[in-house]
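Down below is the structure, laid out as structure tokens.
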Amino acid sequence: MSMLSCNSSSAVFPKYATQPFHIAAQSYGGIYGPNIANVIYTQNQQLRLSPDATIVKINLASIMLGNGMTENYVQMASIPDYLCQGPYPIYDPNGAQCADLRARVLHCQKPNQKSGLNPYDARVKCNRKIDGPLCYRQIVWVETYLNNPKVKAALGVNPQRKFESCNMAVNWAFMLQGDPMHDTPLLLTDMVNNGVRLLIYAGNTDMMCNYMARVPSFGFGNERWVEQLHSIFFDEFSTASTKEWITMSSGKVAGTVRSAGGFGAGNIAFVTVYESGHMVGYDQPEAALDMMMRWIMDLPLTFI
């Protein structure tokens, strides 16, 4: 991604050029999002040192990552905890399967996918013949729609191209290059220290990219890598309490929030979304909207 591509948008929509710019990403976007943000941030810094009237500064305000794959060294080790001690355990925490998982953390995704459950939502069974390879039949519907010749023509897509929600050849090419194991949080520290706000959120029924934090003894999930982010808010976040989050529209308890920095939603915030899997916006649309709107407006999620 280049500054040129973002400035093309500013040229087409100049009235929005000075507005706060938020980057939101989910799942593997836990890697994409920080990398895209880092390019913008770095080039903004260069622009400050060497002004160029032909380039508009992008007002990078925040990064939002949902159920992300961001720090896999930490996150992969959390899977035994989730499967054995999480809110939707599928194994006896004192049984042989959990002991085996803990002993073989590097291979712990395999039993996860053989459980017969949707690895992205522990509440739901998955029949891949009906639900598709990713356990969401809605994704199959999207593929059918986007591969419709009339839709391709309307979008100007090469009729020979086939849309796939997850192309496994591309997926494996990334995996074999070790892409998921990059220490992506390293890209975030300078940005957070210089005022770019960071929101991490995760649904509590997602087994694949779980929310878990400090479960006694073993591994950790999304919240744990946030705890380990060595920003200027490290000490404050380490001691921050977890508070209840209630939506403003219906007054529903939607989850919990933990934050540090500022007087609003925080410079760093971690949100656990109740009764939601990998697809927070799909599973809990009211909660997702409430969270996003408050974050963008910098209003505390604890405010009722």
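The first residue in the sequence is number 1, and the count goes up from there.
Counting only heavy atoms from C-beta outward, the side chains of Asp290 and Trp245 approach each other to under 4.5 Å. Residues Tyr201 and Thr272 fail the side-chain proximity criterion, which asks for heavy atoms closer than 4.5 Å. In this structure, the side chains of Ile268 and Glu236 stay at 4.5 Å or more apart for every pair of heavy atoms. Inter-residue side-chain proximity for Phe21 and Ile23 is flagged as met; some heavy-atom pair is nearer than 4.5 Å. Between Val170 and Glu164 there is no side-chain heavy-atom pair separated by less than 4.5 Å. Between Met191 and Asn38 there is a side-chain heavy-atom pair separated by less than 4.5 Å. Residues Asn59 and Gln19 are not in side-chain contact: their nearest non-hydrogen atoms beyond the backbone lie 4.5 Å or more apart. Taking 4.5 Å as the limit, every side-chain heavy atom of Ser259 sits out of range of all side-chain heavy atoms of Val271.
Listed here is the closest heavy atom pair of Val226 and Phe270: CG2-CD1, 4.2 Å. Contact detail for Pro119 and Cys135: the closest heavy-atom pair is CD-SG, 3.8 Å. Contact detail for Val273 and Ala287: the closest heavy-atom pair is CG1-CB, 4.5 Å. Minimum heavy-atom separation, Leu188 to Ile63: CD2-CD1, 3.7 Å. Shortest non-hydrogen contact noted between Thr184 and Gly30 is CG2-O, 3.7 Å. In this structure, Cys98 and Asp92 approach most closely via the heavy-atom pair SG-O, 3.0 Å.
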Output, in order, the C-alpha distance, side-chain angles, deciding distance and verdict of side chain to side chain contact (heavy atoms under 4.5 Å, CB included) for Leu199 and Met291.
CA-CA 10 Å; Leu199 168 65; Met291 175 181 64; 4.2 Å; yes

Could you go through the side chain to side chain contact (heavy atoms under 4.5 Å, CB included) check for Arg197 and Asp298 one step at a time?
CA-CA 10 Å; Arg197 297 164 56 230; Asp298 199 15; 3.2 Å; yes

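With hydrogens and angles ignored, the 3.5 Å screen pairs no side-chain donor or acceptor of Lys252 with any backbone N or O of Glu286. Listed for the Arg294 side chain is no donor-acceptor partner under 3.5 Å among the backbone atoms of Ala265. Proximity of a side-chain donor or acceptor of Arg123 to a complementary backbone N or O of Glu275 within less than 3.5 Å is detected. A donor-acceptor pair is defined here as one N or O able to donate and one able to accept, closer than 3.5 Å; such a pair exists between the side chain of Ser231 and the backbone of Phe233. The closest donor-acceptor contact from the side chain of Asp283 to the backbone of Gly277 lies under 3.5 Å. With hydrogens and angles disregarded, a donor-acceptor distance shorter than 3.5 Å links the side chain of Arg258 to the backbone of Phe237. In this structure, Asn67 contributes its side chain and Gln26 its backbone to no donor-acceptor pair below 3.5 Å.
Between the CD atom of Gln43 and the CG atom of Leu47 there is a distance of 9.0 Å, given to the nearest 0.5 Å. Put simply, SG on Cys126 and CG on Leu117 are 9.0 Å apart, with the number rounded to the nearest 0.5 Å. Here Lys152 contributes atom NZ and Asn158 contributes atom CG; the two are 8.0 Å apart, rounded to the nearest 0.5 Å. One distance of note links CG of Leu65 with OG of Ser27; it measures 11.0 Å at 0.5 Å rounding. Rounding to the nearest 0.5 angstrom, the gap separating the CG atom in Leu60 from the CD1 atom in Ile40 is 5.5 Å. With rounding to the nearest 0.5 Å, the separation of CG in Leu146 from CZ in Arg161 is 14.0 Å.
Judged by distance alone, the side chains of Tyr282 and Gln138 do bring a donor and an acceptor atom under 3.5 Å apart. A side-chain donor from one of Trp295 and Ser62 sits under 3.5 Å from a side-chain acceptor of the other. With hydrogens and angles left out, the side-chain atoms of Asp121 and Thr205 include a donor and acceptor closer than 3.5 Å. Side-chain N/O atoms of Tyr28 and Asn171 include no donor and acceptor closer than 3.5 Å. Looking at Glu143 and Ser165, their side chains do bring a donor and an acceptor atom within 3.5 Å of each other.
Aromatic ring orientation, Tyr136 versus Tyr120: tilted (interplanar angle from 30° to 60°). Using a 30° and 60° split on the angle between ring planes, Phe234 and His230 fall in the parallel class, below 30°.
Residues Met248 and Met297 fall into different hydrophobic clusters, defined by Ile, Leu, Val, Met, Phe, Trp and Tyr side chains chained together at heavy-atom separations under 4.5 Å. Placement of Leu186 and Val196 in two distinct hydrophobic clusters is found when ILVMFWY residues are connected by side-chain heavy-atom separations under 4.5 Å, directly or transitively. In the hydrophobic cluster analysis, where Ile, Leu, Val, Met, Phe, Trp and Tyr join through side-chain heavy atoms closer than 4.5 angstrom, Ile58 is grouped apart from Leu187. Hydrophobic clustering places Ile232 together with Tyr41 (ILVMFWY residues linked when any side-chain heavy atoms are closer than 4.5 Å, directly or through intermediates). In the hydrophobic clustering of ILVMFWY residues, with side-chain heavy atoms under 4.5 Å counting as a link, Trp141 and Tyr145 come out apart.
Taking the charged nitrogens against the carboxylate oxygens, Asp131 and Lys125 have no contact shorter than 4.0 Å, which rules out a salt bridge.
Crowding of Met168 atom CE: a count of heavy atoms from other residues, nucleotides or ligands under 6.0 Å exceeding 12.
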